[in-house]
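Read the structure below first, then the notes.
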Amino acid sequence: MALSKTAAETNVSIHSTFASRYVRASLPRFAMPENSIPKEAAYQIINDELMLDGNPRLNLASFVTTWMEPECDKLIMDSINKNYVDMDEYPVTTELQNRCVNMIARLFNAPLGESEAAVGVGTVGSSEAIMLAGLAFKRRWQNRRKAEGKPINKPNIVTGANVQVCWEKFARYFEVELKEVKLTDGYYVMDPHKAVEMVDENTICVAAILGSTLNGEFEDVKLLNDLLTEKNKETGWDTPIHVDAASGGFIAPFIYPELVWDFRLPLVKSINVSGHKYGLVYAGIGWVIWRSKEDLPEELIFHINYLGADQPTFTLNFSKGSCQIIAQYYQLIRLGFEGYKNIMENCRDNAMILKEGLEKTGRFNIISKDIGVPLVAFSLKDNSCHNEFEISDMLRRFGWIVPAYTMPPDAQHVTVLRVVIREDFSRTLAERLVHDITKVLHELDTLPARVNAKLATCEGVDAQNERETAEESSKMFQNIMSLAASIDKGVSMVGCPKGGGTMSRATAHGRNLEKHPDVDEGVDIPLDITRLPQPIHRPTKADICKIANLKRRTDENPVKGEHWAFEKKIQENDFPIGHEDVTKFKISSESLPGNTLPRDKETLNKLAGIDVATTAVIGIAEVGMLVNDLAYKLMEQMLVTKEAQDEKERLKYERDVARSELIAMKARIEKANLATLELDKLKTERDNAYSKALHAMDELAHTQREMEILKKRLVESKLAMAIHNCEEPLGKSKEELRRSRPLSADQEEEVVQRFLKSPRFIRHVEQYAAPSFLYGFRVCRAQVKRMLKGSDSLTHILDGLDLQDTSGEEEPELEPFEPPLATDDPGACIVGSD
């Protein structure tokens, strides 16, 4: 009852982690919770979210190491609480850093004597290393310019456009102009000739990349050194070179030793390298090495005196962990030159396997080079239907993280996929990746052209059509408005004065209006005849017939009684959008004030000889035809726009459906990946348990063997003691035995048997060798036979044996016996025991 009560009160031990209220309740995301939670719940909450991260070993976008040996992992965990900056408390860690600096400097062929110490420092990564190297170059340039009495306010640095972003950070943070050599199609590294052309007296250094982030290619540092040396001689400048070997610094010395890029070149003053890339250490360690002390200005170095020695320090940050430095030292002494060479050769071979597999598909262009960082950069030969970004996105379904990106200027039209080959990327994984890429290509071939691109194209066409339609509509609207404006100004028809009136037939060139069968109902077109523009051609009977036909078709085929007002539609910019509407276009009699034409045939015939009436009808005909043509053009454009909009909406719907399916598919993939990760975790635990069991079994077997050996030696020692104490009753001295005749084999066997059966010997054996009695008898038998070798008298021996049972007699106290060391010879312990 007490236990149940305690459990109920605490409410901790009786519930599982997932059933506890701490996991079931939602925690605040951006504020610290008010109350504490159990450590198990905190761990489970964080661990559950971290499960959604990608698998680091399948992250082919990163150069950073994702696997180290368990022994190194243990060293890291043992030293994870050490702060490197506390040199007084952790002097050994500082010493390990100095050893790493000297090893790397000699790997880069720094001109050092046998006992000369290298100049360098460990950093958080290559970004900090580049900042420190850039500061050293800037300070040296400033000091030289000050000595020459020249300004120091416009420093610049020359790099390629393919540099990592940390160079841009350095230029912006420390106010240095960054001059970038643009890339070209097919040449994605810095051109040394163009770089040297950009150098001027304010250039603090030229940065060369040994292992471009984009395609892994090594830049030609030797050619850059030669060209820059010539320019320095011509100009009298002293422009140096810095080599950014973040990726290639731990590759080139091992598999490309003939490549000259390091301190063997006189203008190379500093080199940075990432220990957490191909230095094979987890993220958080980089190194920068200077050629000599003169290349690092003294005013940038802080000196710390600890343990009676001067310790220089040059870093941007203060506190940092010691475990990465210890891990780097472990890798350097664990692998050595041979180990690093084997690993880099294996990475290069796996890169070739992947490259050959991609080439066999016939779908890719290989952008990377064979000599460089072990990676494969490739792009589609035909990306009109599907592009590299789609391949990258679909590969995530299989767990692969393969980045897709565009090249820097002026090669930004090239899109690239990149796979970085690290130590833990095996040949099996390379073959599997090629297989998955092939599956992705087949799936893409079955799909229609990418939705996004099609939408983008459609949107571009729509925008172009809309612009063209707007321009034409604007022109048409301006024409109509100018026409309306001319009407408002009261322009006279054929010289007719404003306000109406008549003119002579000769002046107006009018003609009698003949009767026409289609003009029975009159023309229902309101218009002030004194506000019409001048016609541009002589009125004819055909013109009047057109107006009559238009009126007849409008009346015979009304569209739900809709009549379009000319002036109203112009003001509202609202035109008919269908062919039928245009054919039934009509101007209402209520739209414009003023005189209207008669509706009856009789009155119209009376006006046949009036010039004003004739002119008005012809003007109306021309206005109607103009409006009709403009409306048709506008209708066609609007129909095209409407069709494009419908297509756009359809494509958007297809895109939304595809996105929904993709999201659902991603969710299923994530679930499968989680299950796979859990299975891998269980397999790893099983393998670890199996390894531990095998190790324990080996240790147990080894312990058993050692125990058997010790038991054997103990028994031999105890038997030797028993035989020693039984030697006295065996008979006469050895000299007497030697004077006796030799024993036959049968006689010797009889003596042995009688001796072994003697009660005195049995008591001694039981006393000293009871745990291994049978084994002791065998050993003792062999020893007795050796003792009897050379004996000449059976009688003397038999007489000396105590064959009677002396159990009733008091056993004399045995002399203390110190057995000799055990040897492989069972009888060696009693030889020469006179």
Side-chain angles (χ1 to χ4, degrees), residues 50-64 66-67 213-216 347 350-368 373-407 414-453 655 658-680:
L50 291 177
M51 289 172 61
L52 300 177
D53 276 345
N55 188 342
R57 289 192 58 189
L58 298 182
N59 180 12
L60 307 182
S62 175
F63 292 84
V64 177
T66 56
W67 179 87
T213 303
L214 303 177
N215 64 344
C347 292
N350 289 333
M352 292 298 104
I353 294 297
L354 179 59
K355 174 187 173 184
E356 293 170 1
L358 294 173
E359 288 176 337
K360 288 180 181 179
T361 64
R363 304 285 292 273
F364 297 105
N365 292 319
I366 304 300
I367 305 300
S368 56
V373 178
L375 62 81
V376 181
F378 53 100
S379 62
L380 284 169
K381 292 182 178 179
D382 180 14
N383 59 0
S384 59
C385 295
H386 302 284
N387 59 24
E388 291 80 2
F389 294 99
E390 292 179 88
I391 296 177
S392 175
D393 187 57
M394 295 187 70
L395 281 175
R396 288 182 176 267
R397 294 164 39 195
F398 301 94
W400 302 106
I401 302 175
V402 179
Y405 53 89
T406 56
M407 288 290 189
V414 180
T415 306
V416 174
L417 291 160
R418 186 192 67 200
V419 176
V420 179
I421 309 299
R422 300 190 299 270
E423 177 189 6
D424 54 348
F425 188 81
S426 62
R427 176 167 182 167
T428 303
L429 289 178
E431 295 172 349
R432 182 67 187 178
L433 177 59
V434 173
H435 178 265
D436 292 342
I437 291 176
T438 305
K439 290 179 63 177
V440 168
L441 292 175
H442 290 330
E443 291 183 21
L444 288 175
D445 291 340
T446 61
L447 297 176
R450 59 185 184 275
V451 176
N452 292 338
R655 180 193 63 186
R659 284 179 177 176
S660 301
E661 294 177 353
L662 181 61
I663 292 173
M665 188 177 297
K666 285 184 177 180
R668 293 193 295 270
I669 292 170
E670 290 297 336
K671 291 181 180 179
N673 290 338
L674 292 177
T676 303
L677 291 175
E678 188 66 21
L679 180 60
D680 293 340

By side chain to side chain donor-acceptor pair (under 3.5 Å) - contacts of Arg432 (at least two apart)
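In terms of side chain to side chain donor-acceptor pair (under 3.5 Å), with neighbours along the sequence ignored, Arg432 is linked to no residue.
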Taking side chain to side chain donor-acceptor pair (under 3.5 Å) as the test, write out the residues that go with Glu670, two or more places apart.
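None.
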Once you round to the nearest 0.5 Å, how far does CG of Leu447 lie from CE of Met394?
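Leu447 CG to Met394 CE: 6.0 Å, rounded to 0.5 Å.
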Would you mind reporting whether [Y] and [X] have side-chain heavy atoms less than 4.5 Å apart?
| X | Y | answer |
| --- | --- | --- |
| Phe364 | Val376 | no |
| Val420 | Ser62 | no |
| Lys355 | Ile421 | no |

Give the intermediate values and the outcome of side-chain contact (heavy atoms from CB on, under 4.5 Å) for residues Ile391 and Leu380.
CA-CA 10 Å; Ile391 296 177; Leu380 284 169; 3.8 Å; yes
Run the side-chain contact (heavy atoms from CB on, under 4.5 Å) test on Ser379 and Thr415 for me, step by step, so that the C-alpha distance in whole Å, both residues' side-chain angles and the decisive distance to 0.1 Å come before the verdict.
CA-CA 6 Å; Ser379 62; Thr415 306; 5.8 Å; no
Test side-chain contact (heavy atoms from CB on, under 4.5 Å) on Leu433 and Leu354; report intermediate values, then the result.
CA-CA 8 Å; Leu433 177 59; Leu354 179 59; 4.0 Å; yes
List the residues meeting side chain to side chain contact (heavy atoms under 4.5 Å, CB included) with Arg427, not counting sequence neighbours, and say none if there are none.
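So Arg427 forms a side chain to side chain contact (heavy atoms under 4.5 Å, CB included) with Asn350, Ile353, Glu431.
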Listed partners of Phe425 passing ring-ring contact (aromatic ring centres under 6.0 Å, His included), at least two apart:
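Listed in chain order: nothing, the list is empty.
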Can any side-chain N or O of Arg57 pair as donor or acceptor with the backbone N or O of Asp424 at less than 3.5 Å?
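The answer is yes, because a donor-acceptor pair under 3.5 Å joins these two groups.
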Derivation of the side-chain contact (heavy atoms from CB on, under 4.5 Å) call for Ile367 and Arg418:
CA-CA 9 Å; Ile367 305 300; Arg418 186 192 67 200; over 6 Å; no
Using the salt bridge (charged side-chain N to carboxylate O under 4.0 Å, His left out) criterion, which residues pair with Lys439? Sequence neighbours excluded.
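Lys439: no salt bridge (charged side-chain N to carboxylate O under 4.0 Å, His left out) contacts found.
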Show me the donor-acceptor pairs, under 3.5 Å and distance only, between side chains in residues 672-680 and residues at least two apart or in other chains.
| from | atom 1 | to | atom 2 | distance (Å) |
| --- | --- | --- | --- | --- |
| Asn673 | ND2 | Ile669 | O | 3.3 |
| Thr676 | OG1 | Ala672 | O | 2.7 |

